[in-house]
Amino acid sequence: MTLLAKSQVGVLRLTREYCRARVRMRLLALLTLAALLPTLAACEPPPLTDTGVVGVFGHSGLGPGEFTYPRAITIDASGRVFVVDKSARIQRFSPEGAFQLEWAMPEKQAGKPVGLYAHTDGRLFVADTHYHRVIVFDFDGHELARFGTPGQGDGEFELPTDVAVDAHGFIYVSEYNGNDRITQWTSDYKFVQSLIDGDVAGQPMRRPAAMDLDADQTLWVADACNHRILHFDLTGKLLGHWGTMGVDAGQLRYPYDLVCTRDRKILLCEFGNNRLQWFDPSGNLQRTWGSLGRRLGELWAPWGAAIGPNGRLYIVDSLNDRVQIVKP
Amino acid sequence: MSARLIQAAGVGAGIVLFVAAMVWPAIALGLRAAQAGMPAVPYHFPPGLFLRTTLLAAGGALAALVFSLPGAFVAARVGRRRRDGLLLALIIAPLLFPAMVYAFGWDRVLKVPGELRCIWVWATWSWPVPALILGAGWRRLGRGRYEAALLSARPPRAFVHGVFPILWRHVLVAWLVLFAFYLGDYTAPHGCGLLVYATELLLAAESAHNPRAALVESLPVAALILVALLVALLVWRNRPLVDTSDDPGSAGRGGAAPWVAAALATLCVAVPIAGLLRTVPLVASVRETLATYSGEIGASVGVAAAGGIATMLMGAALAALPRMRGVALAWALVWAALPGALIGSAVVAAYLPVPLVYDHWGIMAIGYVARFGWIGIAIGVLAQAGVGRAQRDAARADGAGAVTVAWRVALAGNLPTLGVGALVIAALCLSEAATTALVRVPAVYPLSLILIESFHRFEDTIMAGMSVLLVGAALPGALLVIVAARRE
């Protein structure tokens, strides 16, 4: 009995030790997990393709979250994505691509917008191209203002394509159709001047399709139909230009969008070559991404690109009716 | 043995093409429309747009009829003098040039509202069609009365009083055919900056990706086109066939009509082309276009050529099957009455689940066969009709069956005609936009869509260069038509 009792006590002690050890192990594991949690949360899901695509949203259609030939994209400071398509709808998505809301442009019979710009102060500028005006919305789709009337004079627009806003609040609007220029407006939509007009480096601009300001507050312009990139200061003085028409790496064919990246590169979205190209400010090619096709990682007539606060690259893959999210 | 194999393979391929391009897409469209859910945006019939489209088409058809009268006179005299055949071919040839080129060209020289310009573009481009229809009637009827009227009146008055009362059915048929064609036309109104029902239909077909939406939205215009064609058919069947002319054998005197027709044909092509090239140097524009789109031009021409050859092969093969010929032609004509966007939707519905076809240029070629198959079958049937009875009987006496006679005698004897047909269809494929917009694939950027894209970008240089290239692509077909007419 005593022996039995002793052995039972021994077993009990062993069991107790074992249990304590297990509890300690579990606690340790939990503590480790808790310590690693923020790191794990920030971890990426593995890319969907070996080209770095980490997400995709949208498919053909007219319903919520669907696209019909999306043509412009912009991202606000909190990472929400705005896309306008050929149905003249502006749709808002979460940074992961979840549909949030949509609204329609007031008129669309004459044509649909091709330019969007989300300002940090909560204004969404829409280049309402075929109505020769810019409409300003808040991020929930309520109209705040509109400016510009049809024409080629001061305070008038002829098919505006894009909007940019500098650090002082001045608004820049690009136009085309024989009135290929960039005009400057005050923050409260008063015309200031026609900043860039006429010949630029020997020839007039032909469809300045996109603009962006870099960290030094200089203006970069994608002169799409001349297949070149122009660089200006904010007095309109030309600082540089580069780009030749072609399909080889480093050449350009219809650059429809342009983004100044945080690492001082110029990212170009080439409609004609179905790819993205990164250049340094002097025009030296850094890298290319994308090729023609329908699969993930491939592009078909991309119109626009934007970089979110999460560092992700969002590409408007127009003829595939989708937005691809890429880890650059 | 090998000849029999070739014959069997040719006929088999033609049947397969017919089913693949014109039968299966119709079935697939119906099936998928039945399966598809309700469209995200419910369809609301736009009465204003439909009325505007109808009025535009009616006006265009009327204007084309007026333009066609001198050409009709030339067509009526074909067979009497050799130069008239040549003149007729010259008149027909510009039909091969894309309507969009005319639209962009006239836009540069004719500063009038878009509606009037569209009517003008239609009339100046397609007047040879009513000229042929009226000419065919005029050749048999009313010539004597017209010539008698000419003794006391000028040609327009003589036509109105002498010919029109007899040929009113032909006039009505010509008007209805043009009206039906313009109702479904996308390119000319688009080139004139107009929104018509076909524009909305294409946008809906491209954006909804819902066969039911495409089908429902096509119904009003397709129904009107079919009614117009049905009435045209009924009127045509009831046309008088007995020659009422007092002097049918008279060569007739044409006055200035042939010269007016020739001048009209020349001006209708020359003015818009000159308009396009007014501000852009020809060589520079072609060079820039070739430099910018060299790859696309090659691919697009290749697929259009494949479409032209396949369409002609299908037409020739079906025409060689006496029992199938009539049914195929009737089906193809009904199919041809459908708007291009609906045909494109049907082809996509049929091949979306087949990546081997859907992801490659083959679907574009099938789309072209679907769109222009009626022309291929019509040319094939005409080629068969051109074979003399004696020739047929001789072949039958040698032991040939009906299909063998049709294949080896009729088609072999009409190879040049079939070749011209393939070229003509290829030229039409290159300038087709509505079906092409739906069946396009990444690897092929069609020239017609590049042209539209450059129109939207206001790239005059590329527009002019691409237009010249498209006209150049149509030239071999046009020249062959003229050469064939001259030989005849």
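Numbers restart at 1 for each chain; the letters A, B, ... are given by sequence-line order, proteins then strands. If you're wondering where the values come from, they're calculated on a predicted model, not measured in any experiment.
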Checklist entry - Out of curiosity, Tyr445(B) OH to Asn274(A) CG, how far, rounded to the nearest 0.5 Å? => result 9.0 Å
Item to check | Contact leader toward chain B among Glu298(A), His227(A), Arg207(A), Arg253(A), where contacts are heavy-atom pairs under 4.5 Å | outcome: Arg253(A)
Checklist entry - side-chain contact (heavy atoms from CB on, under 4.5 Å) between Leu203(B) and Lys112(A): does it pass, once the steps are laid out? => result CA-CA 12 Å; Leu203(B) 184 66; Lys112(A) 288 81 183 180; 3.8 Å; yes
Next on the checklist: Would Asn177(A) and Arg457(B) count as a side-chain contact (heavy atoms from CB on, under 4.5 Å) here? Give the steps.
Outcome noted: CA-CA 7 Å; Asn177(A) 187 22; Arg457(B) 284 194 289 244; over 6 Å; no
Next on the checklist: If I take atom OG1 from residue Thr129(A) and atom NE2 from residue His456(B), how far apart are they, to the nearest 0.5 angstrom?
Outcome noted: 12.5 Å
Item to check | Flag side-chain contact, heavy atom, 4.5 Å: Arg206(A) against Thr461(B) | outcome: yes
Checklist entry - What are the two closest heavy atoms between Asp359(B) and Arg294(A), and how far apart are they? => result OD1-NH1, 2.9 Å
Checklist outcome for this item: Looking only at heavy atoms, the pair that brings Met245(A) and Ala291(B) closest together is CE-O, 3.4 Å
Next on the checklist: Could you check whether Lys108(A) pairs with Glu200(B) (Lys NZ or Arg NE/NH1/NH2 to Asp/Glu carboxylate O, under 4.0 Å)?
Outcome noted: no
Item to check | Trp361(B), CH2 atom: more than 12 neighbouring heavy atoms under 6.0 Å | outcome: no
Checklist entry - Can you say whether Gln109(A) sits under 4.5 Å from chain B via the side chain, the backbone, both, or neither, judging by heavy atoms? => result both
Checklist entry - Considering only heavy atoms from C-beta outward, does the side chain of Glu158(A) approach that of Phe458(B) to under 4.5 Å? => result no
Checklist entry - Have Glu453(B) and Tyr254(A) got a donor and an acceptor in their side chains that come within less than 3.5 Å? => result no
